[in-house]
Amino acid sequence: MSAEPFINDDDDHDACWICPSLRLPAGGFDILEHPSREYPFNPDDGFRYNREGVPACVHGNRIGLPPGLYASAGEALPEG
């Protein structure tokens, strides 16, 4: 897994300004279909985390990745 953020300022994207994709590599966070109580919002840093501390994006369509438990369950990232 790359240490570079999945999305950077040079990318053409619609990521939310607080999205973990702007700070973490692909596979370093989960992607949810919608906000979930299992990943509550943390106002201290703006991420949503599960009980184990894994951050999540709730708008995968904006960053080009489908929903998946990539960080918390080790699901494989899609090709490409």
Side-chain angles (χ1 to χ4, degrees):
M1 177 173 23
S2 169
E4 294 292 317
F6 179 64
I7 302 288
N8 66 49
D9 289 337
D10 296 330
D11 292 331
D12 182 22
H13 65 82
D14 292 324
C16 301
W17 66 272
I18 200 66
C19 184
S21 68
L22 296 169
R23 296 183 235 170
L24 300 171
F29 55 95
D30 290 345
I31 299 180
L32 310 178
E33 290 186 35
H34 48 76
S36 167
R37 290 182 182 175
E38 293 180 18
Y39 289 77
F41 179 77
N42 180 335
D44 292 336
D45 66 5
F47 282 160
R48 293 179 170 277
Y49 293 98
N50 68 10
R51 285 187 301 215
E52 291 77 33
V54 175
C57 166
V58 295
H59 301 111
N61 59 313
R62 292 185 180 184
I63 64 169
L65 287 173
L69 301 178
Y70 304 113
S72 63
E75 289 181 14
L77 291 165
E79 293 294 319

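Just so you know, these numbers use all the heavy atoms, side chains as well, and skip hydrogens, waters and symmetry mates.
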**Message:** With side-chain contact (heavy atoms from CB on, under 4.5 Å) as the test, pick out the partner of R48 among P20, S36, P35.
**Reply:** P35

**Contact summary for G68 and E75, nearest pair of heavy atoms** = CA-OE1, 3.4 Å

**Message:** Hydrophobic clustering (ILVMFWY, side-chain heavy atoms < 4.5 Å, transitive) - are Y39 and I31 grouped together?
**Reply:** no

**Prompt:** Do you know which two heavy atoms are closest between S72 and D30, and how far apart they sit?
**Reply:** OG-OD2, 2.6 Å

**Prompt:** Are V54 and L77 connected, step by step, through hydrophobic side chains (Ile, Leu, Val, Met, Phe, Trp, Tyr) whose heavy atoms are closer than 4.5 Å?
**Reply:** no

**Message:** C57 vs F6, test: side-chain contact (heavy atoms from CB on, under 4.5 Å). Steps then yes/no.
**Reply:** CA-CA 12 Å; C57 166; F6 179 64; over 6 Å; no

**Asked** Does anything in residues 56-67 pair up under side chain to side chain donor-acceptor pair (under 3.5 Å), and if so which pairs, sequence neighbours excluded?
**Response** none

**Asked** Looking only at heavy atoms, which two atoms of Y70 and F29 are closest? And how far apart?
**Response** CB-O, 3.6 Å

**Prompt:** Does L22 share a hydrophobic cluster with I63, counting links as ILVMFWY side-chain heavy atoms below 4.5 Å and allowing steps through other members?
**Reply:** yes

**Prompt:** Looking only at heavy atoms, which two atoms of I18 and R23 are closest? And how far apart?
**Reply:** CD1-NH2, 3.0 Å

**Message:** I'd like to know if L32 and L24 are part of one continuous hydrophobic network [Ile/Leu/Val/Met/Phe/Trp/Tyr, side-chain heavy atoms within less than 4.5 Å].
**Reply:** no

**Message:** Run N50 and E38 through side-chain contact (heavy atoms from CB on, under 4.5 Å) and show every step you take.
**Reply:** CA-CA 6 Å; N50 68 10; E38 293 180 18; 5.8 Å; no

**Sequence-distant partners of F47, ring pair (Phe, Tyr, Trp, His ring centres under 6.0 Å), two or more places apart** = Y49

